[in-house]
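To start, the structure itself, in structure tokens.
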Amino acid sequence: MLKGVVSMVGGGASGLGRATVERVIREGGRAVICDLPTSQGAKVASELGDHVLFAPTDVTSTADVEEALALCKEEFGRLDVVVNCAGISMAAKVFNHNKKLSHSLDDFKRIQTVNICGTFNVIRLSAALLAENEPDADGQRGVIVNTASIAAFDGRIGQAAYAASKAAIVGMTLPIARDLSILGIRVCTIAPGLFNTPLMMSLPEKVQHFLGKMTPFPGRLGHPDEFAMLVQTIINNPMMNGETIRLDGALRMMP
Ligand SMILES: CCCCCCCCCCCCCC(=O)CC(=O)SCCNC(=O)CCNC(=O)[C@H](O)C(C)(C)COP(=O)(O)OP(=O)(O)OC[C@H]1O[C@@H](n2cnc3c(N)ncnc32)[C@H](O)[C@@H]1OP(=O)(O)O
Ligand SMILES: NC(=O)C1=CN([C@@H]2O[C@H](COP(=O)(O)OP(=O)(O)OC[C@H]3O[C@@H](n4cnc5c(N)ncnc54)[C@H](O)[C@@H]3O)[C@@H](O)[C@H]2O)C=CC1
């Protein structure tokens, strides 16, 4: 049950973030979708009804995130849960001998900026609104769930930039949970394996096929709502804090 819970979902217009918004609404909560102006955020919000708002947001922008938080407070009066799903990916070898090509430094920086700095920016700005909540019997005021990837641990050929960004999210989970514990805000990270989303579909067919066969059980891509189910579990279990949870069907990616 997420009845009455107000959430803000970075990257909520697509894939895992959208599935999270849909589950929050199904379970009686409300949501603010924070996604790019060019995303499907407005369409998704209108399809899901009055309990969902769209805040055009680049998660790397202080002004955008502050505006999204102000909209949340104005329209819903509070914020209980932040889910950071916004993220991008790219693949390139650090040096491709076939093509005599070094990895673009700009591409490397772009991935870190969105995935690490975007996640950090949403956390650092939303903590104040979460902290305004009346504490529950445990003293809890809010929950933050971030999204890493199994690439943080099993990064493949071509995934230096992406894996680095996801390992950083894993690395900052515990210190941020420690920072915010005094306020009663829990922080966890999910490291998904392979899920059937538009981002995954951007992979070359050969890589998708190769990886899909790799998941021991179930031998398939995950359904985005299976990610959202774990978000709900984290929200509902007061003892889950400061940890990264793999959600991957026992997949350990090969090189
Ligand atoms: C249109 C390209 C878009 C790429 C975007 C990638 C987005 C990744 C989405 C991730 C979504 C989130 C998923 C997640 O968090 C969980 C995961 O991490 S799933 C793992 C995803 N896997 C990857 O990201 C692998 C990325 N690597 C590659 O795609 C390639 O290695 C790379 C593009 C970096 C290099 O390929 P290429 O330039 O072709 O290198 P070569 O010229 O050396 O290729 C020689 C030869 O070998 C084949 N090959 C190269 N890399 C791989 C590989 N990783 N797996 C299988 N085969 C590979 C290549 O196709 C050539 O074969 P030919 O027969 O000669 O064509
Ligand atoms: N699909 C998969 O198999 C896996 C995905 N992940 C991670 O899960 C997260 C969600 O991925 P998917 O749902 O698959 O991708 P997706 O591409 O379907 O959704 C990502 C959303 O993030 C938004 N976004 C991108 N940059 C943004 C920015 N600067 N500000 C605000 N929003 C931004 C996009 O507009 C999009 O709506 C990503 O962080 C990804 O790295 C991790 C492991 C596996």
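Note that ligands are numbered from 1 as they come in the structure, with each ligand's atoms numbered from 1 the same way. Count residues from 1 along the sequence. Hydrogens, waters and symmetry mates are skipped; everything else that's a heavy atom, side chains included, is used.
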Could you tell me, atom by atom, which parts of ligand 2 come under 4.0 Å of a heavy atom of [X]?
{"X": "Thr147", "value": "7 (C), 8 (O), 9 (C)"}
{"X": "Met200", "value": "3 (O)"}
{"X": "Pro192", "value": "42 (C), 43 (C), 44 (C)"}
{"X": "Asp58", "value": "28 (C), 29 (N), 30 (N)"}
{"X": "Leu16", "value": "5 (C), 8 (O), 13 (O)"}
{"X": "Gly15", "value": "13 (O), 18 (O)"}

Given [options], which one has a non-hydrogen atom that is nearest to [atom]?
{"atom": "atom 35 (O) of ligand 2", "options": "Leu194, Asp35, Val9, Leu36", "answer": "Asp35"}
{"atom": "atom 42 (C) of ligand 2", "options": "Ala148, Ser39, Gly11", "answer": "Ala148"}
{"atom": "atom 9 (C) of ligand 2", "options": "Cys117, Gly87, Cys85", "answer": "Cys85"}

Looking only at heavy atoms, is any part of [X] under 4.0 Å from ligand 2, and if so is it the side chain, the backbone, or both, or is it neither?
{"X": "Val114", "answer": "side chain"}
{"X": "Gln40", "answer": "neither"}
{"X": "Thr57", "answer": "backbone"}
{"X": "Thr197", "answer": "side chain"}

Would [X] count as a contact of ligand 2 if the rule is a heavy atom under 4.0 Å away?
{"X": "Gly10", "answer": "no"}
{"X": "Gly193", "answer": "yes"}
{"X": "Phe227", "answer": "no"}

Salt bridge (charged side-chain N to carboxylate O under 4.0 Å, His left out) between Glu75 and Arg30, intermediate numbers included:
CA-CA 10 Å; Glu75 296 298 327; Arg30 290 174 290 176; over 6 Å; no
Show the nearest heavy-atom pair for residues Asp138 and Asp136, with the distance to one decimal.
N-OD1, 2.8 Å
Distance col, row Ile88:CD1 vs Leu36:CG, nearest 0.5 angstrom, shows 9.5 Å
Go through Ser126 and Leu69 one step at a time and tell me if the side-chain contact (heavy atoms from CB on, under 4.5 Å) criterion holds.
CA-CA 7 Å; Ser126 59; Leu69 289 163; 3.8 Å; yes
Qualifying residues under side-chain contact (heavy atoms from CB on, under 4.5 Å), relative to Thr197, sequence neighbours excluded:
Leu16, Phe195, Leu199, Met200, Pro224
Distance-only, no hydrogens or angles: does the [X] side chain make a donor-acceptor pair with backbone N or O of [Y] under 3.5 Å?
{"X": "Asp64", "Y": "Asp58", "result": "yes"}
{"X": "Lys166", "Y": "Thr147", "result": "yes"}
{"X": "Arg141", "Y": "Asn133", "result": "yes"}

Side-chain heavy atoms nearer than 4.5 Å, only ILVMFWY residues, links allowed to pass through others: does that put Ile169 and Val187 together?
yes
Would a single hydrophobic cluster contain both Val143 and Ile176, if residues Ile, Leu, Val, Met, Phe, Trp and Tyr are joined by side-chain heavy-atom contacts under 4.5 Å?
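Result: no, two separate clusters.
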Apply side-chain contact (heavy atoms from CB on, under 4.5 Å) to residues Leu230 and Glu226 and explain how you reach the verdict.
CA-CA 7 Å; Leu230 181 53; Glu226 290 166 334; over 6 Å; no
Could you say whether the N/O atoms of [X] and ligand 2 ever approach to under 3.5 Å?
{"X": "Tyr162", "result": "yes"}
{"X": "Ile88", "result": "no"}
{"X": "Lys166", "result": "yes"}
{"X": "Ala13", "result": "no"}

Do NZ/NE/NH1/NH2 and the carboxylate oxygens of Arg26 and Asp225 come within less than 4.0 Å?
yes
